[in-house]
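What follows is a set of notes on a single structure, which appears directly below.
Just so it is clear, the values below take in all heavy atoms, side chains as well, and ignore hydrogens, waters and symmetry mates. Keep in mind it's a predicted model, so treat the numbers as computed, not measured. Lettering follows sequence order; numbering is per chain, from 1.
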Number of protein chains: 2
Amino acid sequence: LTQLVYFITGVAGSGKTALGKLLSEHWNIPFADADDFHPPENIAKMRAGIPLTDDDRAGWLHALNAYAIEQLQSGSIVIACSALKNAYRTRLCASIPPHQVRWIHLRGDYDLIRQRMEARGGHFMPAALLQSQFDIYEQPTQGWVFDVKNSLDQIFQRIKIIMQPTFGVIGLGVMGRNLARNLARHQVPLSLYNRFVAGQEERVAERAVAEFPELATAKPFEDLKAFVASLERPRKVFLMVNAGAPVDEVLEQLWPLLEPGDIVMDGGNSHYEDTRRRQEQSLQKGIHFLGVGVSGGESGALNGPAIMVGGDTDAYAQVAPFLEQIAARDAGTGLCAALVGPQGAGHFVKMTHNGIEYAEMQLLAEVYSVLRWEMGHTPDQVADILSEWMQDGQRSYLLEITINILRRREGNGWLLDVISDKAAHKGTGSWASIAASELGVPVTMMTDALFARFVAALQPYRHELSAIYPPWERPVELSISTLKYAYAFARVINHHQGFMMIQAASKHYGWQISMPEVARIWTNGCIIRSDLMLESVHNLTEYGDLLRSTSVQAQIKRDYPALQDTVAHLSYSRRAYPCLMGALTAFNGLTTHTSSAHLIQAQRDYFGAHLYERTDDQSGQKYHTNWE
Amino acid sequence: LTQLVYFITGVAGSGKTALGKLLSEHWNIPFADADDFHPPENIAKMRAGIPLTDDDRAGWLHALNAYAIEQLQSGSIVIACSALKNAYRTRLCASIPPHQVRWIHLRGDYDLIRQRMEARGGHFMPAALLQSQFDIYEQPTQGWVFDVKNSLDQIFQRIKIIMQPTFGVIGLGVMGRNLARNLARHQVPLSLYNRFVAGQEERVAERAVAEFPELATAKPFEDLKAFVASLERPRKVFLMVNAGAPVDEVLEQLWPLLEPGDIVMDGGNSHYEDTRRRQEQSLQKGIHFLGVGVSGGESGALNGPAIMVGGDTDAYAQVAPFLEQIAARDAGTGLCAALVGPQGAGHFVKMTHNGIEYAEMQLLAEVYSVLRWEMGHTPDQVADILSEWMQDGQRSYLLEITINILRRREGNGWLLDVISDKAAHKGTGSWASIAASELGVPVTMMTDALFARFVAALQPYRHELSAIYPPWERPVELSISTLKYAYAFARVINHHQGFMMIQAASKHYGWQISMPEVARIWTNGCIIRSDLMLESVHNLTEYGDLLRSTSVQAQIKRDYPALQDTVAHLSYSRRAYPCLMGALTAFNGLTTHTSSAHLIQAQRDYFGAHLYERTDDQSGQKYHTNWE
């Protein structure tokens, strides 16, 4: 096991020494008090009530650093040291590999600490100096912070949980590895497990620990039993294996090894119905199971994803301190991690996120297609146009990466032009459309986008048919700003549909999901973060429904003619624009008071005696006509 | 039990007497030979080789009829009688309720029967007269026909199966009752079972038997055990209960009562995956299970539905004689009933039928909407226009009923106008869209239609939003013939998508479904029967794919500009036209050689490291770019 130095920091009277001694006893490692390293002249100054200068502290910090380095040769150590400024903290750990350093910061109100110091006495630092310490105190940039209004024992228990490996990650693919690194960077002590598959997956955990410095103190395992045994109870096990059968396989192996009270988190893109089933199965064994939707791709997992959890509140409370550490921060003071509801709510919300993402990506592909192929702009010009849109209310992560993609060259051309259009898809995209069909919600745009990928995947068939039905070039007379407004409109409808689906599921399953909260989690860390999402937090909070918001109403009234013009012009293209056209259809459908569906009801009653309701009878009474 | 008279007909030498005696022994009822009823002058004429005239036969037939009526007072009877003309047959059963009459017709080649007569001798009718009997012989219009090239025992066994109740129907809702009546009209002896639900379903089978004369000889049951015991083995049980849990509930009760070799048919709209599971479960008990898709609504069930069966060939062979009796006839000499493949193939094909039906209905609702609300025609005028389309290549059952609906008045207005547009849907429509998502087939139009119904169902929400976003009237400048061509185009795409889906499923599950055969079954009896379906049989046979057919190519080239114009004009409507617009999108998508989906592949690789293929590497090799 890697040797560690635990630095306990805080102003005088915050309880560093008492805590340090407790930890030292518990872990059976030495304890050092930085006060004992002060040269006599510093002590004299402090006794006289004269604040130390940075120069006074320089030698002292150097000595502590040297001491820590020396101690690490033989084992771990706990050092209590005020370390009030980040500069001091940097000096304390100079030349020590970051993964061997753990910071524990004690903080409290001035009044509380002053009171404690006065009650205690016998310390060489007068309470009068305390104010000077508060004055120079800088917020720590890393490590764990504890409020000393909690009792010493409470803090000790919390540190035990945090510092002992109670947290395990199973499955070290790209996402699992990055989440583990993210956790480790936030000083979560980890056990890592990856299965052994001869010739394919061998010593994966061990190699991850060797490859990434932040994982150096993590314990690697290839034996599940030993992995589970390494975790203190209640164990927190993060599953990062492929959705579907692999999750069940791991659970079958895990259950007999776990004990009541342990918590399993499934961080994969599992189907929400599977999550609900697994929760019930786990609960019968007294084990908590949380369905954890994680969005942000590779980079999000490493640097701060959006995290949507479904499950029981007790279990979430226990893992929240960990998940909140690694999550992205929202635009305000919050974190992009939350318990969105019970059961499969977390995975449902994540699935819907991906559905919205599908349509957002397809809209961008359509906009690009119009700008490039209907209007004749080069990819660089398209990137320039889209960059202006970024400044003009359409900022989003997906637009940003699209611009980067459009600008990427290969040789004399664009990398994009050698990328095959055989688009692929994974479970969640089709599940979102399936959920829409099952719940009876007209979430058309994500389905349009899904089907567009299916069409793209039929490459050889398209090639064959394009020879039978050849295209032609016919320039589209459309202004760029018209297209921009149409795009903005379509995005609003797409987002509205996504929230509609979550609302329908929430009602259907009794999940009581808060729409503004979901939008808030999606403001950062995830793939669909955007200015529109930020606005949606406000609109959903105020109006409960995007289309009821007055600002959305104003936008739609501005953009609607643009969308009509766009669709009318694109009607003469030989290319497909399912999401732009679909947005118009969707909006028109929802805002039609009396539709032609009465004919459908009549047809159903005609051939199938399926009955119909009458407009002049609101009682719900059903009628049948003998049509023949 | 109702008393029956079995008339066995056929020319001299066809074996009527031998068969009649066998049946008489088997059922323990009297046998009468019509020859014994001839007056002496008739016998003399025949001996002399002089053919009998109709006058000669009149008294004889009258005597036979009187005898049959008298016998029926005390019990059933078998009567063998040549009855060569339909007029004779009518006289034979005069004044006897039709449900008490069973016809068994023996037929054979002239040469074969002549040979047999010559071999036999001892009969008063010389072989020379045989030709005169063949000359006047008329095809029977009802009853069972057996070819005497089969042995007497074979025919006897077949009749035993047909005439004894081996066939039971469970569930007497509208569809079940009408299928039972259809079977009974084709002389299938039935046992009928309906569950007992106090206050809701009481004596349902008994009441059906009392209500419908053709069911008078059917045996009614409310006790499942007695129902099963009433059937001769191998039992053939037709389930007509609601899809889903009710099917499993009945099966759980049925399985212990059935014996190996028995056959259960599920005639409901079950999900094809359920059907596959039930087949496996049944097979473990040695029981055959067939998934039987039945289309045609109430009236089809009664008068001849289209029947699509999935399951094993052995089981199908045993029920085919029954199912083929009740099925619709196709345009040629075939029947709209067939085993389309193993497992859930029958229910999958039926589900796809309903998906196509959804889009066909939605297209008609859109066409009606354009003609009435965009162009300002009254429902009667719309009906007139659509009647012209009927004559002009667009004939279909759904168009026909739409015209009837449009003409139906109520008071001074149209019935249609008091029918609520809160459209409903049942399982199969959404299952079709779900299957499309699962199989990765871009079957967009049936999904567009499904979502249109979802939108229609959101009536209060639409009413609210239509007040926030009010409509306006803006006449559409579109010619009726342009709309007609657009409609014709959209229907081709809808049908193409349906066949695409069946093809994908057939490939995925290894069902080897024949597309032309499916189209053929759909040419009659079912809701989507149409001239287009008739043409599709030919096109699928010749080209394997509608879009490859030269005649479809010609049609599309004619209709494509009309669809473009239609969509362009409808872009300025405030109403939704998902299927008309969707048809254009679908066709454009499938005929696009190089699509903008390469951008989607780049995006996926950018944020998720999902890799992409390159256009300059056909090996299937996947690439990743470090985009940041």
Side-chain angles (χ1 to χ4, degrees), chain A residues 297-298 361 365 368-369 401 405 416 418-423 430 433-434 437 440 442 444 447 451 454-456 462-463 465-466 469 527 547 564 567-568 571-572 574-576 578 581 585 588-603 606-609 612-616, chain B residues 174 297-298 361 365 368-369 401 405 416 418-423 430 433-434 437 440 442 444 447 451 454-456 462-463 465-466 469 527 564 567-568 571-572 574-576 578 581 585 588-603 606-609 612-616:
Chain A
E298 257 192 284
M361 290 166 72
Y368 151 73
S369 175
I401 72 170
I405 288 166
L416 192 54
V418 293
I419 293 180
S420 164
D421 68 346
K422 211 159 111 188
S430 54
S433 296
I434 290 169
S437 292
T444 55
T447 307
F451 286 161
F454 291 169
V455 172
R462 279 191 288 116
H463 288 180
L465 290 182
S466 70
Y469 304 96
I527 303 295
L547 293 186
Q564 288 191 311
V567 172
S571 302
Y572 293 101
R574 277 290 278 113
R575 291 193 182 77
M581 291 198 179
T585 301
N588 282 347
L590 279 181
T591 56
T592 297
H593 185 282
T594 302
S595 75
S596 58
H598 60 178
L599 178 62
I600 287 170
Q601 285 301 84
Q603 290 167 331
Y606 195 122
F607 66 70
Y612 57 81
E613 292 182 28
R614 284 177 64 102
T615 55
D616 51 9
Chain B
V174 180
E298 258 191 282
M361 289 166 74
Y368 152 72
S369 175
I401 72 169
I405 289 167
L416 192 54
V418 294
I419 293 181
S420 164
D421 69 344
K422 212 158 111 189
S430 56
S433 295
I434 290 169
S437 291
T444 56
T447 307
F451 286 160
F454 291 170
V455 172
R462 279 190 289 116
H463 288 180
L465 290 181
S466 69
Y469 303 96
I527 305 293
Q564 287 191 310
V567 172
S571 303
Y572 292 102
R574 278 288 279 112
R575 292 194 181 76
M581 291 199 179
T585 302
N588 282 347
L590 279 181
T591 56
T592 297
H593 186 280
T594 303
S595 74
S596 58
H598 60 178
L599 178 62
I600 287 171
Q601 284 301 83
Q603 290 168 331
Y606 195 122
F607 66 69
Y612 57 82
E613 292 184 28
R614 283 178 64 103
T615 55
D616 53 7

| Shortest non-hydrogen separation from A/Ser437 to B/Phe454 and the atoms involved | O-CZ, 3.4 Å
| query | Angle class for the B/His593/A/His463 ring planes (parallel below 30°, perpendicular above 60°, tilted otherwise)? | reply | parallel
| If you look at every heavy atom in B/Gln601 and A/Ser420, which pair is closest and at what distance? | CG-O, 3.6 Å
| query | Looking at B/Leu590, B/Val455, B/Val567, which one has more heavy-atom pairs under 4.5 Å with chain A than the rest? | reply | B/Leu590
| query | Is it the side chain or the backbone of B/Phe607 that comes within 4.5 Å of chain A heavy atoms, both, or neither? | reply | both
| task | Specify which of A/Gly608, A/Ala597, A/Gly297, A/Ser595 makes the most heavy-atom pairs with chain B at under 4.5 Å. | result | A/Ser595
| A/His598 NE2 to B/Tyr368 OH distance, which is reported to the nearest 0.5 Å | 2.5 Å
| note | Value for CZ (A/Arg462) from OG1 (B/Thr591), rounded to nearest 0.5 Å, stands at 10.0 Å
| query | What residues, two or more places apart in sequence or in another chain, satisfy side-chain hydrogen bond (donor to acceptor under 3.5 Å, both in side chains) together with A/Gln564? | reply | A/Tyr560
| message | Shorter than 4.5 Å, heavy atoms on both sides: which option in A/Ile405, A/Thr594, A/Leu465 has the most such pairs with chain B? | response | A/Ile405
| request: Please name all residues satisfying side-chain hydrogen bond (donor to acceptor under 3.5 Å, both in side chains) with B/Thr592, sequence neighbours left out, ordered by chain then number. | output: none
| request: Under 4.5 Å, counting heavy-atom pairs only, tell me which of B/Thr447, B/Asp616, B/Val174 racks up the most with chain A. | output: B/Thr447
| query | Can you tell me how far NZ of A/Lys422 sits from OG1 of B/Thr615, rounded to the nearest 0.5 angstrom? | reply | 12.0 Å
| query | chain B: which of A/Thr585, A/Ile527, A/Leu599, A/Asn588 shares the most heavy-atom pairs with it under 4.5 Å? | reply | A/Asn588
| said: Just verifying a value: how many Å separate B/Met581 CE and A/Met581 CE, rounded to the nearest 0.5 Å? | reply: 6.5 Å
| Which distance, rounded to the nearest 0.5 Å, do you find between the OH of A/Tyr606 and the CD1 of B/Ile401? | 6.0 Å
| Which portion of A/Tyr612 sits near chain B, non-hydrogen atoms under 4.5 angstrom | side chain
| task | Between chain B and each of A/Ser369, A/Ala456, A/Ala602, count heavy-atom pairs under 4.5 Å; write down the option with the most. | result | A/Ala602
| CA sep, side-chain torsions, deciding dist, call: A/Leu547, B/Tyr469, side chain to side chain contact (heavy atoms under 4.5 Å, CB included) | CA-CA 9 Å; A/Leu547 293 186; B/Tyr469 303 96; 4.0 Å; yes
